[in-house]
2 protein chains.
Amino acid sequence: MTQRNASENQVKIMDVAAEEFMRAGFDATSIDDIARNIGQTKGFIYYHFRSKVEIFLAVYERGMEMVRDDVAPWAGGTGTGLERLRRMAKAHLVHLMENLAYHDVIHQGIEQRLRLRMTESQRATLIGLNALRDEYEALFRGVIREGMADGSVRELPAAVAARTLLGGLNAVDIWYRNDSGQATKPVDDLASVVADVLVGGFQDKG
Amino acid sequence: MTQRNASENQVKIMDVAAEEFMRAGFDATSIDDIARNIGQTKGFIYYHFRSKVEIFLAVYERGMEMVRDDVAPWAGGTGTGLERLRRMAKAHLVHLMENLAYHDVIHQGIEQRLRLRMTESQRATLIGLNALRDEYEALFRGVIREGMADGSVRELPAAVAARTLLGGLNAVDIWYRNDSGQATKPVDDLASVVADVLVGGFQDKG
DNA sequence: GTCTATACTTAGATAGAC
DNA sequence: GTCTATCTAAGTATAGAC
């Protein structure tokens, strides 16, 4: 399913499924759990999706497309590579904090463990999603390289650096939800602090 | 089980279980899978552990104790707070790369999803492990604060900064294993690059 | 389109043989 | 101490009613 085609009911199922996958993990979430949380039954779910894995993949795709659409514009625009990198990092963090469940599913998807239990066609879908993910990572690699070219970013291996940055950004989904004390801190302030720590290491101090 | 008391067979089970948990995740790993990989049967496992959750918790504990024992010495010693923080980050990374499976289980444990399906006594064990984890995090917070005091680390909220750093360090376990091209790069070099990116953002540039 | 009833599979855990 | 046989529960998926 491309997200453009998703019906209203499918989106409802994805939203609830994302929350449940975050709460208990993919395996421990039953189709009945998802149905119950919508106030429907199994049959409703199976009418809209072929299997639990399909729901997971749809959530993963939807999440990736949403964050990419939010962050991609910041790769362009004015300023040095470093400045744009910081804007991208912050936009990613704000999106993550406001769509925790989707990001948690992306995180689970990246871990690739489900891959082992997929059918051939589901695996093909996952490969497509991995491409989407690579494309997103490439957005960061590109801006890092532009920063090295304009002298704002110090010399470093762009691929490793991009993964380190994205890993640090995504890891926020682990503790952000677990710490209600932190959650009261305004999203924007918290995103700034984390973005500064993570992007600061890219700066050329020469 | 405290790790001091672990028998040879228990360690063998933990080592194999950690690999399987990494490969397929906790839920999708059966006791039979673990037994088969040791060349034994279910009965062998259940003689040494009461349940699958107990194995998971034991692996989590063992992993946390191992990394703490490796990293803690670097919190002390000579140099500024920033220099010591970098040594800790690098030691953490090297340990992670050389004990991927244990770190992957720690990562799963931190996500707290299993908590929902635990007995009271297992939950109590998990709370103890969370304390161990907090203690480890405090090691980083402490050195960050020392760095702010000696002027090597810029002013920032230590708690958020420590979590951001540790999140970035731990996220390496996601891609390190998935990229055989990177894995050929010497562990030490890769650890240096990642540590520099992550700790660089702490530096006081004033 | 949605619900109910059910078939089927998998795997955690235990009892008892050896 | 380890193995084999078995009980049991849970949950995916489907068929067919409405």
Side-chain angles (χ1 to χ4, degrees), chain A residues 1 5-21 23-59 105 108 113-123 125-126, chain B residues 1 5-21 23-59 105 108 113-123 125-126:
Chain A
M1 172 177 40
N5 303 339
S7 71
E8 200 175 326
N9 278 335
Q10 283 173 325
V11 171
K12 184 72 197 152
I13 291 169
M14 286 189 268
D15 286 348
V16 169
E19 291 291 337
E20 290 301 297
F21 289 156
R23 212 175 55 83
F26 176 82
D27 292 280
T29 299
S30 71
I31 301 278
D32 279 324
D33 289 336
I34 298 169
R36 199 176 316 117
N37 274 279
I38 310 180
Q40 303 277 30
T41 59
K42 251 191 200 358
F44 175 81
I45 308 288
Y46 276 105
Y47 178 76
H48 293 288
F49 288 94
R50 299 154 85 116
S51 69
K52 198 168 73 158
V53 170
E54 302 283 347
I55 301 174
F56 182 89
L57 293 171
V59 172
V105 168
Q108 290 179 54
R113 281 188 257 270
L114 253 64
R115 180 176 41 82
L116 300 164
R117 281 168 292 161
M118 284 179 180
T119 66
E120 270 317 305
S121 112
Q122 288 166 343
R123 234 190 301 268
T125 303
L126 185 62
Chain B
M1 168 177 43
N5 305 338
S7 71
E8 200 174 325
N9 278 335
Q10 283 174 324
V11 171
K12 183 73 197 152
I13 291 169
M14 285 189 269
D15 286 349
V16 170
E19 291 290 336
E20 291 302 297
F21 289 155
R23 212 174 56 82
F26 176 82
D27 292 281
T29 299
S30 71
I31 300 277
D32 278 324
D33 288 336
I34 298 168
R36 200 177 315 116
N37 273 279
I38 311 179
Q40 304 276 30
T41 59
K42 250 195 204 355
F44 175 81
I45 308 287
Y46 277 104
Y47 179 76
H48 293 289
F49 289 92
R50 298 155 86 116
S51 70
K52 199 169 75 159
V53 170
E54 302 283 346
I55 300 175
F56 182 89
L57 293 172
V59 171
V105 169
Q108 290 179 55
R113 282 188 256 270
L114 254 63
R115 181 175 39 82
L116 301 164
R117 280 168 293 159
M118 285 178 179
T119 66
E120 271 317 305
S121 113
Q122 287 167 343
R123 234 190 301 269
T125 303
L126 185 63

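In the text below, chain A, chain B and the rest are named by the order of the sequence lines, each starting its count at 1. Keep in mind that this is a model prediction, so the values were computed, not measured.
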Tell me the interatomic distance from [X], atom [atom1], to [N], atom [atom2], rounded to whole angstroms.
X         : N       : atom1 : atom2 : answer
Phe49(A)  : dG1(C)  : CZ    : P     : 15 Å
Ile55(B)  : dA11(C) : CD1   : P     : 15 Å
Ile45(A)  : dT4(C)  : CD1   : P     : 14 Å
Gln122(B) : dG12(C) : CD    : P     : 13 Å
Ile34(B)  : dA11(C) : CD1   : P     : 12 Å
Arg117(B) : dA13(C) : CZ    : P     : 11 Å

Would you give a per-nucleotide map of nucleotides 2-15 of chain D, 5' to 3', where B means the base has a protein non-hydrogen atom under 4.0 Å away, S means only the sugar-phosphate does, and - means neither? BBB------SBBB-
What residues form a side chain to side chain contact (heavy atoms under 4.5 Å, CB included) with Arg113(A), not counting sequence neighbours? Glu111(A), Asp104(B), Gln108(B), Arg177(B)
Show the nearest heavy-atom pair for residues Arg117(B) and Asp27(B), with the distance to one decimal. NH1-OD1, 2.6 Å
Not counting sequence neighbours, list each pair that qualifies as a salt bridge (charged side-chain N to carboxylate O under 4.0 Å, His left out) and has a residue in residues 36-58 of chain B. Asp32(B)-Lys42(B), Asp33(B)-Arg36(B)
Who passes ring pair (Phe, Tyr, Trp, His ring centres under 6.0 Å) against Phe44(B), sequence neighbours left out? His48(B)
Contacts of Gln40(A) meeting side-chain hydrogen bond (donor to acceptor under 3.5 Å, both in side chains) (sequence neighbours excluded), chain-then-number -> none
Return the polar atom pairs (N/O with N/O) between nucleotides 16-18 of chain D and the protein under 3.5 Å, or none.
none

OG on Ser30(B) to CD1 on Ile45(B), rounded to 0.5 Å: 10.0 Å
As an exercise, state the distance from OG1 of Thr29(A) to CD1 of Ile55(A), rounded to the nearest 0.5 Å. 10.0 Å
Does a side chain donor of either Gln122(A) or Ser51(A) reach within less than 3.5 Å of an acceptor in the other side chain? yes
